[in-house]
Amino acid sequence: MKCRNKLLMKCLVIIPLLFTAFPLWAQGMKPSAFSFESKEAWLWLMLIIALMLLIAAVMLKEKVSALTSNYKKHKTEAYKEKLKEYTQQLNSKQIEQLLQHRNKKSFRNAGNILLIFFASLFIFLPGSLIAQTPEKPDASSLLGEGGIIITIILILIPILAGLILLTIKISNAINRQRNKMRLEEAAKLAEYLETLPDEEINDVLKKRKEALDYSLTHNELSGSEPAEDSRGLLNISQEPGMPIVAIKKKALPRPNIDPALSRLVLWYLGCAAFWLLFGTTIGEYLGIKFVAPDADHVSWLSFGRLRPVHTNSVFWGWASLGMLGLGNYIVPRVSNVKMYSIKLGWYALFFINAAVIIGSVCLMAGINNGGGEYREYIWPVMLLFGIGLALSLINYIKTIAVRTTKEIYISNWYMVSAIIFTIVISLTAYIPSWQNGLGETIVQGYYMHQGVGMWFMLFTLGIVYYFLPQQLNKPIYSYSLGILAFWTQILFYTLIGTHHFVFSAIPWWLQTVAIVGSGGMAIPVIAGTTNFLMTFKGAWYKIKDSYTLPFFLVGIIFYFTGSMQGTAEAFRSTNLIWHFTDFTVAHSHLTMYGIISFFLWACIYAVVPRLTGKEAPQITVGAHFWMALIGLLFYTVPLMYGSTLKGLLWLNGKPFMDGVKLMEPYWLWRAIGGTLMWLSHVFFAYNMYKMIKRTNEVDVKSSAIQQLEKDSSFISPAKSY
């Protein structure tokens, strides 16, 4: 385990340095000098692939070494010490089972499981196969052709897939062999336990069982006398409040929910993790293009086509599926009933995934709506997404309608309203009746801002109202503040879309209404932030012992700062400086990433272990948190600062290209921050894999006790006397 942690720490240091060095190296060249058709780019690609293979090989070697070491211990006298160590680590239940078995019959296990050791050799590609020729490339080289590049990429994809599959197969074979060895250890431990003298059983194991079973009575300080208050100084209420969250239980691998629903939720969250990694990989490539715009000359990979692929895949794939998956868990829990239809949930998952897949292909092929930001999908694609939302809405309402609780918990208010608003704004944006002239601009502002505020923000806040109290193991601070924030957000947020078009040709009064609505958004933001922070009151000490609460805290901080920043941007004086600059890009990442993504990660890390019984490795959760947070700050702060200078430059009448040159170092920081953010998503995907992966790892102690009980059950009554 120590060797594995050391290896992981080295990877945590080397990988960020490597990927961060890439945009730095690209920046050192002239932008027009870098291209993925150049020799340097291929060397970098091969270096990255070789590094990935090296890490996989080292991890496999570590597994094989541990397996070999355990095998050698079987042949030495030191193995008896290991059996004694296993015996001393038995828990109370296992000791009780052993004592019951010893009282019934002393039976020695005569058979042992045969040992089969499988060793696999990992073959590296020889360096000569990937080395570049020292000759200077000809200007008419075939590598300059886009078709040749695409062909090479298509050839490399199955090769890499094969190497990954080979690594997985070898790892699975090693795990199977490890389980065989553990079964053999269990057999030897069972035999050893059978031969233990009664003195050791009485002196060691029984005393250990008594120590393990000991617990406090919880009245050592208060005594056993009932509390009396003859003078009425204490206000003692015997009525507990309405339970609004599931009580956090220890030693239970999963809550009492339908296994079919558990599987559905895990599929939603798994697909969401995939789209996050896919979409941000596209975003990472776009960030590199900012410092190396001539990286490629393939039309499908042009910035204008990839940028909407990035935004739409993380919007409709990552965030939407993550929210709906968590909603599928919350709605039946707070309603205290089963989900109305698991089948409808699967249909919704199919339609939304189909929309993102087809939509991404269409965008890369140049087939788009062209109607504005976040509605680049053509209407048949968005119709699939709308069908998925409609099915989810039916499922939620049908579940809430048969609830056994008295009230509809606030989470359901937020989530159901978010789906209804999203269906309405999608119909408004895609029905062509009013999409002409200024109507097109007004509809675009309405759709774009409602998509962020009334879909992502409203739904995510509903999720937080369930999971934050659950993780703190205390109720939400104020139900009334939650209702205030809910209705004021519906009142003000539906008005603010046109603040993106200040000083445009749309009516001046409509611009003013949007600005006033933006100012009014301070009410729900302050109410929600106060509610969340006051819920932490008296429980701040829990943050240091939790890996979900830091995600919640960062999300709350960005919820306040990012939302208030949006209000500040809406005023005409600030809009004049920041609009049409990268400040809006920084703001959108501060909100969609700093709020939505951090809240979703917190909730996912809270619920998945409850569904699978497996926790993510603490070190990779920490790497995910800090890389995401630091990367976001590296991304947004330089862009906000540089964009402010750029806006002031424009106000002074400077040429447009002066602003482009000014932003060059800040775009480099954007690429570095984006790289760290992308790497954090790799760790998140790994954590999801560790939490969801089905492992049949054998517990030596439990298997030994089970084998003893199984062997004793085969003893016939005729032979037992």
Side-chain angles (χ1 to χ4, degrees), residues 268 271-272 274-283 285-286 299-325 347-393 418-436 439-459 497 500 584-585 588-589 591-593 596-597:
Y268 267 88
C271 292
F274 168 79
W275 287 118
L276 173 66
L277 194 57
F278 171 82
T280 52
T281 300
I282 300 294
Y285 185 62
L286 293 175
S299 60
W300 280 49
L301 303 180
S302 61
F303 187 92
R305 295 189 185 183
L306 285 183
R307 201 268 177 177
V309 173
H310 161 65
T311 56
N312 285 276
S313 58
V314 295
F315 270 39
W316 314 124
W318 150 240
S320 298
L321 285 178
M323 294 186 311
L324 289 171
Y347 287 155
L349 177 65
F350 170 79
F351 278 110
I352 294 176
N353 273 317
V356 182
I357 293 172
I358 298 173
S360 298
V361 174
C362 288
L363 291 178
M364 294 182 72
I367 304 171
N368 58 75
N369 182 46
E373 198 171 19
Y374 310 144
R375 59 171 175 155
E376 292 90 353
Y377 285 169
I378 57 177
W379 72 263
V381 172
M382 205 60 187
L383 179 62
L384 296 176
F385 184 83
I387 293 174
L389 287 186
L391 294 177
S392 299
L393 179 62
I419 299 178
I420 294 174
F421 268 102
T422 307
I423 293 175
V424 171
I425 65 176
S426 298
L427 292 174
T428 304
Y430 279 88
I431 293 177
S433 301
W434 41 74
Q435 294 187 29
N436 46 28
E440 168 78 10
T441 304
I442 296 171
V443 166
Q444 169 58 26
Y446 173 79
Y447 168 82
M448 174 180 61
H449 228 82
Q450 300 307 299
V452 174
M454 303 306 291
W455 171 231
F456 297 110
M457 191 67 71
L458 201 63
F459 202 110
H500 284 270
T584 55
V585 178
S588 64
H589 282 78
T591 53
M592 281 300 300
Y593 195 88
I596 307 301
S597 291

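Counting only distance, with no hydrogens or angles, the side chain of Y374 and the backbone of T311 share no donor-acceptor pair below 3.5 Å. With hydrogens and angles ignored, the 3.5 Å screen pairs no side-chain donor or acceptor of S320 with any backbone N or O of G317. Side chain of N369 to main chain of R375: a donor-acceptor pair is present (N/O by atom type, distance under 3.5 Å, no hydrogens or angles).
Residue P308 comes nearest to G304 through the heavy atom pair CD-O, 3.2 Å, listed as atom of the first residue, atom of the second, then distance. Of all heavy-atom pairs spanning S313 and G279, the tightest one is OG-CA, 3.2 Å. The nearest pair of heavy atoms linking A272 to G322 is CB-N, 3.6 Å. For the residue pair C271 and L349, the shortest heavy atom distance occurs at SG-CD1, 4.2 Å. Residues L321 and I352 approach most closely at CD2-CG2, 3.6 Å, considering heavy atoms.
For residues 299-308, the side chain to side chain donor-acceptor pair (under 3.5 Å) pairs, not counting sequence neighbours, are R307-E373.
Using a 4.5 Å heavy-atom threshold, the side chains of I419 and W455 count as touching.
Here the OG1 atom belonging to T281 is positioned 8.5 Å from the CG atom belonging to L276, to the nearest 0.5 angstrom. Y377 OH to L383 CG: the interatomic distance, rounded to the nearest 0.5 Å, is 14.0 Å. For the atom pair CG of L324 and CG of L393, the computed distance is 10.5 Å after rounding to the nearest 0.5 Å. Distance check: M454 CE to T422 OG1 gives 8.5 Å after rounding to the nearest 0.5 Å. Taking NE2 from H449 and CD from Q444, the interatomic distance works out to 12.0 Å, rounded to the nearest 0.5 Å. Atoms CD1 and CG, on I420 and L389 in that order, are 11.5 Å from each other to the nearest 0.5 Å.
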**OP:** For M592 and F315, run side chain to side chain contact (heavy atoms under 4.5 Å, CB included): C-alpha distance rounded to whole Å, both residues' side-chain angles, the deciding distance at 0.1 Å, then the answer.
**Re:** CA-CA 9 Å; M592 281 300 300; F315 270 39; 3.8 Å; yes
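In this structure, the ring of W316 has its center less than 6.0 angstrom from the ring center of F456.
Donor-acceptor pairing under 3.5 Å is recorded for the side chains of W318 and S597.
In F303, the CZ atom is crowded: over 12 heavy atoms of neighbouring residues, nucleotides or ligands sit closer than 6.0 Å.
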